[in-house]
S.K.: 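Sharing a structure with you now.
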2 protein chains.
Amino acid sequence: MDEKERVKGRGRPSLSDAAKNAKRTEIAAIALRLFLEEGFESVSMRRLGKEVGMTPMALYRYFPSKLDILTNLWVYIIDLAFENVAAIKGQAPDQREELCQICNAYVGYWRDNPAHYHLVFMSGGVSNSTVKLFVEQQNVITKFEIFFMYLAELRCEPRESASVKRATDGLITHLHGIMHSLITMQGYSWTDQKTLIEGAVSGSVHVA
Amino acid sequence: MDEKERVKGRGRPSLSDAAKNAKRTEIAAIALRLFLEEGFESVSMRRLGKEVGMTPMALYRYFPSKLDILTNLWVYIIDLAFENVAAIKGQAPDQREELCQICNAYVGYWRDNPAHYHLVFMSGGVSNSTVKLFVEQQNVITKFEIFFMYLAELRCEPRESASVKRATDGLITHLHGIMHSLITMQGYSWTDQKTLIEGAVSGSVHVA
DNA sequence: ACATTTTTATATACGCGTAAACTTTTTACT
DNA sequence: AGTAAAAAGTTTACGCGTATATAAAAATGT
């Protein structure tokens, strides 16, 4: 939080990292509950402060902004999403079927937890630069590695080849599009998730 | 703006539709200039009111909210964008190439106008039912028809067949995923838009 | 003990979007 | 002309995120 660490001398000592992290965790836990229950924008810092038991401005000792509390929760939620995905590995008879199942688990997680989806992908007032920073800072991207591995194997091409990169980016964007469309445009009668994902996987395996 | 129209009787008469629309147009024009110059969030209603020459609250006689001013501008601009998309029809040597160009125009529009993308697809906050209503109201969905037509022809299948429906839904979701990923996750070095779209089109043409 | 220094925590204040209360303007009816 | 009514327009007020000013707490140096 603070720029430099003072080693010794006069003055009240900084909170220990442990104490600070404990408080951050406590705030984050309460924020997560409130955000999921009532939505990010509906929960004010004054309200959150009251629930945590501190003044609104005291929260700023632990998080630089309200938005920063949110991005912190993203990490936690995305980890949850990929736990679901990891649980499927090595369960299906063949790789192709397993990739489909993994894609369904990934998309399914967000559809089953639309509040999480809204928190991560649709929280209002979040600028591009914020998301960009988040994606770079946290290793969300490394989580996509699993898709690379499956496609390299299924396509019988090296993991680092340009065509695997193209195919995987195509698959990932397609999955996000399926999620996004099914969740946010419910007025349209989409083809069912499983069929759409089968098509996405099929395309990513066979595309040039 | 108002629920019911009073035909006659006592009381000051409502502004004529012409007068009201003139004022709306004037406000919208100034808002567009300011939003483009300084950004939506940086322009306050107090500031906009001053520029237009009325009190902040008087603006609410003509638009129900600040966001509504922006959506109004968006409607105007998106109509132009779809004219652009339509303008591509019949220009390319073959249908397949033309579909690619149309997809690129569609995705490119949103990437060139990320504020509009955020407004329509990420206006999360309280109600995505608002977004849903807007999308349905402006029948954006009926604009998807163009994708159905191209795929029916390219796949040599009837427009109403289940496989054309599957393929088109696959293409549309993929396009939205490409948009969404490129716009909101700029920290990741995605394959370029054109290549991704080529893959999306390829998949939609060949998928079962 | 007491002053000094640094950190933590609170209180105050600002501009924001806009709801609600209020005032002004414009009409019709007596 | 005077009054009632309704829309237009203004003022005031609220809660918001948070910058800034201030106070309180907790350590060291004398």
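These values consider heavy atoms only, across backbone and side chains, with no hydrogens, waters or symmetry-generated copies. Order of the sequence lines sets the chain letters (A, B, ...), proteins ahead of strands, with each chain counted from 1.
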S.K.: Which residue, M57(B) or G53(A), contacts DNA chain C at a nucleotide closer to its 5' end, judged by nearest heavy atom?
M.R.: G53(A)
S.K.: Starting at CG of D68(B) and ending at C1' of dT18(C), how long is that distance when rounded to a whole Å?
M.R.: 14 Å
S.K.: Taking the six-membered ring of F148(B), is NZ or CZ of R159(B) closer than 6.0 Å to its centre and within 45° of its axis?
M.R.: yes
S.K.: Over how many whole Å does the gap from K50(A) atom NZ to dG15(D) atom C1' extend?
M.R.: 11 Å
S.K.: Indicate whether any N or O donor in one side chain lies under 3.5 Å from an N or O acceptor in the other, for S65(B) and D68(B).
M.R.: no
S.K.: Using whole Å, what does the distance between atom C1' of nucleotide dT18(C) and atom CE of M54(B) come to?
M.R.: 15 Å
S.K.: Report the distance from atom CD1 of I69(A) to atom C1' of dG17(D), rounded to the nearest whole Å.
M.R.: 11 Å
S.K.: dT18(D), dT10(D), dT18(C): which one has an atom nearest the side-chain heavy atoms of A58(B)?
M.R.: dT10(D)
S.K.: Map R47(B) and L15(A) onto DNA chain C by nearest heavy atom, then report which one ends up closer to the 5' terminus.
M.R.: L15(A)
S.K.: How long is the line joining CG of L48(B) and C1' of dG17(C), in whole Å?
M.R.: 12 Å
S.K.: Just to verify, which of I183(A), T191(A), T173(A), L196(A) counts as forming a side-chain contact (heavy atoms from CB on, under 4.5 Å) with I178(A)?
M.R.: L196(A)
S.K.: Is R111(A) positioned over the aromatic face of Y117(A), cation under 6.0 angstrom from the ring centre and no more than 45 degrees off axis?
M.R.: no
S.K.: A92(B) and E97(B): which non-hydrogen atoms are nearest, and at how many Å?
M.R.: CB-CG, 3.8 Å
S.K.: Search all heavy atoms of V85(B) against all heavy atoms of A105(B) and return the closest pair with its distance.
M.R.: CG2-CB, 3.9 Å
S.K.: Looking at Y62(B), does any N or O in its side chain come under 4.0 Å of the phosphate oxygens OP1/OP2 on dA8(D)?
M.R.: no
S.K.: Using a distance-only criterion (donor-acceptor N/O pair, under 3.5 Å, no hydrogens), is the base of dG17(D) paired with the side chain of R46(A)?
M.R.: yes
S.K.: Just how far, in rounded Å, is P of dA11(C) from CG of L59(A)?
M.R.: 14 Å
S.K.: Considering just the side-chain nitrogens and oxygens of T55(A), establish if one lies under 4.0 Å of OP1 or OP2 belonging to dA9(C).
M.R.: no
S.K.: Separation of M45(B) atom CE from dA19(C) atom P, in whole Å?
M.R.: 10 Å
S.K.: With a 6.0 Å cut-off on the ring centroids, do H180(B) and H180(A) count as close?
M.R.: yes
S.K.: What is the distance from CZ of R61(A) to C1' of dA25(D), rounded to the nearest Å?
M.R.: 12 Å
S.K.: At under 4.0 Å between heavy atoms, which parts of nucleotides 23-30 of chain C does protein reach? Answer with one letter per nucleotide, 5' to 3': B base, S sugar-phosphate only, - none.
M.R.: --BBBBB-
